[in-house]
Amino acid sequence: MHNLLHHLSITFVHINCNLTDEALEIIECLWLKFNEIVYLRNQHSAKYFAGFPIGFNIAVGGVDEHGNDFSNDLSELFLSAQEDLGLPQPNLSVRLHEKTNDKLLKHAIHVVAKGSGMPQFFNDKAIIKEMENLGVTHQDAMNYAIVGCVELTTQGNNLGWSDAAMFNMNKVLELTLNHGRCLLTDKQMAPDFGSLSTYKTFADLEIALEQTMNYFVEKMIPCCEAVEKGHIAILPTAFLSSVIDDCMEKGIDVTKGGAKYNLSGIQFIQVANLADSLAVIKQLVFDEQKVSAKVLEEALKNNFANQEILCQKLLNHVPKYGNDIAWVDELGVKWARKFRAKLREFTNYRGGAYHMGMYTVSAHVPMGENLGASADGRLSQTPLADGGMSAVYGRDLNGPTAVLKSVSRLDNNLTTNGGLLNMKFLPEFFQTQTGIDKFANFLRTFVDLEIPHIQFNVVCREDLLKAQKNPEQYSSLTVRVAGYTAYFTELAGELQNEIIARTTYDNV
């Protein structure tokens with residue numbers, strides 16, 4: 001797409017206003033065609049990918065092969081099309097970097113302020129070097145693109161299988177704290193390395209947690225291989241192979257490893273809840289000994305029944321991820337690094353690397369439904385944090401810049417498959433030039449901190465509540481769910497409630 005934009009932009013260099021209007025009309029017609037394709041899913045799949053459209057992704061901005069700013073008239077026209085229509089497709093993205101021109105940045109902010117949840121923003125400073133560390137050539141990394149939601153890819157030479165699996169690390173912690181038994185079913189799901197009340201130190205708990213994590217990773221990899229073998233045997237893709245570099249030259253189908261790059265992406269879910277839970281256990285149970293391990297263990301088994309005071313203590317007496325508290329953030333980072341290191345021990349069936357991402361689509365809701373009460377004060381079967389790198393809704397209390405600082409502690413090579421940061425702002429913030437200028441500085445800070453991705457909902461809580469009560473009057477209301485935009489009234493009630501509960505900012 002990047003090279004295509006370069007060639008198409010030549011057409012628009014010297015056009016007059018009439019031709020610009022005509023070009024915009026053609027682009028908007030294309031936008032409408034994108035929205036004619038409806039992605040049907042079964043009920044189970046729809047819980048994990050709620051409202052997810054077909055996933056056309058168009059990126060503007062970024063850098064050219066020399067590292068200079070890459071934007072043109074066509075970039076502006078694409079932004080204008082989204083500004084006019086506000087539809088869920090295509091999934092419009094803007095690649096930012098240190099040299100992004102102010103005109104493009106401010107135009108993108110004006111489009112964000114319209115409330116369609118687009119464009120989302122990607123950070124060249126964070127992404128390019130980490131793609132190179134993954135083994136991608138410099139030229140291919142400079143010309144990276146986005147697939148579907150937030151998945152990172154090279155263009156025309158890659159089978160990335162970006163949704164190979166989702167790994168619920170919070171379920172791993174639950175089993176580690178409960179003799180390997182599920183809190184919801186009492187089923188023995190993992191080896192019994194002990195429970196919260198049997199570990200003598202926090203270090204003992206961490207040893208057991210790593211053993212349990214490794215146990216499930218080693219169970220997951222053969223499942224991924226079985227799916228790949230199934231694709232090779234049943235679903236070879238001759239047409240796709242014909243347009244992916246190296247397949248024709250090798251005479252190997254893309255499902256068998258014919259592409260130049262053969263990657264498998266695994267999502268690590270969910271770092272915010274994990275960091276918060278471990279912070280509570282470390283501080284209150286082991287360091288300060290203000291909460292008995294046995295008492296907390298029983299409270300988790302009973303979903304905090306008759307333990308409201310304890311639940312509030314867990315929620316409010318220990319700092320949480322997303323507030324620029326380094327030791328809390330580092331707990332999450334530590335385990336994400338351990339997970340990445342474990343993945344690196346394996347090679348996928350096509351001969352490529354396993355790598356990790358941090359995004360959930362809408363899986364944070366059903367994955368929460370499969371999880372008992374957790375030590376961070378979260379009740380049984382309630383949603384996990386949204387996004388992938390986002391804080392748990394309502395716990396990011398120190399403002400949006402503190403959120404950026406917390407997320408920036410995550411290594412960029414933890415999100416080479418894609419990372420997702422959701423934030424929500426009130427529309428009023430964008431009604432003045434001062435607000436626009438502040439937001440532009442906020443996005444430039446996002447670039448400087450080398451965070452790979454960020455996106456925004458710009459909506460009032462009151463409008464969302466009204467839409468729940470009178471959906472027929474708000475059928476065109478769109479929101480950012482995860483790495484995509486969907487119609488709010490078409491989402492399940494649990495997901496609607498989670499979006500409403502996300503922290504809303506009125507300033508930066």
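This structure is a prediction, so every number in the text was calculated from the model and none was measured.
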Asp324 with Arg409: basic N within carboxylate O range, under 4.0 Å
yes

Check whether the ring centres of Tyr474 and Phe488 lie less than 6.0 Å apart, and answer yes or no.
no

Listed partners of Tyr505 passing ring pair (Phe, Tyr, Trp, His ring centres under 6.0 Å), at least two apart:
Phe425

Check each of Tyr354, Phe216, Phe268 against Phe339 using the ring-ring contact (aromatic ring centres under 6.0 Å, His included) test, and report the only one that passes.
Phe268

Please report the closest heavy-atom contact between Phe442 and Leu404, naming both atoms and the distance.
CE1-CD1, 3.4 Å

Lys114 atom NZ, over 12 foreign heavy atoms within 6.0 Å:
no

Crowding at CG, Asn68 (>12 non-hydrogen neighbours, <6.0 Å)
yes

Between Asn323 and Lys320, what is the shortest heavy-atom contact and its length?
ND2-O, 3.0 Å

Should we say atom NZ of Lys171 is surrounded by more than 12 heavy atoms from elsewhere, each under 6.0 Å from it?
yes

Cation-pi between Arg95 and Tyr144: NZ/CZ under 6.0 Å from ring centre and within 45° of the ring axis?
yes

Let me see the working for Asp69 and Ser71 under side chain to side chain donor-acceptor pair (under 3.5 Å), right down to the final yes or no.
CA-CA 6 Å; Asp69 182 53; Ser71 60; 3.1 Å; yes

Locate the shortest heavy-atom distance separating Asn123 from Phe446; write the atom from each residue and the value.
ND2-O, 3.2 Å

Point-to-point distance, once rounded to the nearest 0.5 Å, from CE of Met389 to CE of Met358
8.0 Å

Thr360 to Met166 - nearest heavy-atom pair and separation
O-CE, 3.5 Å

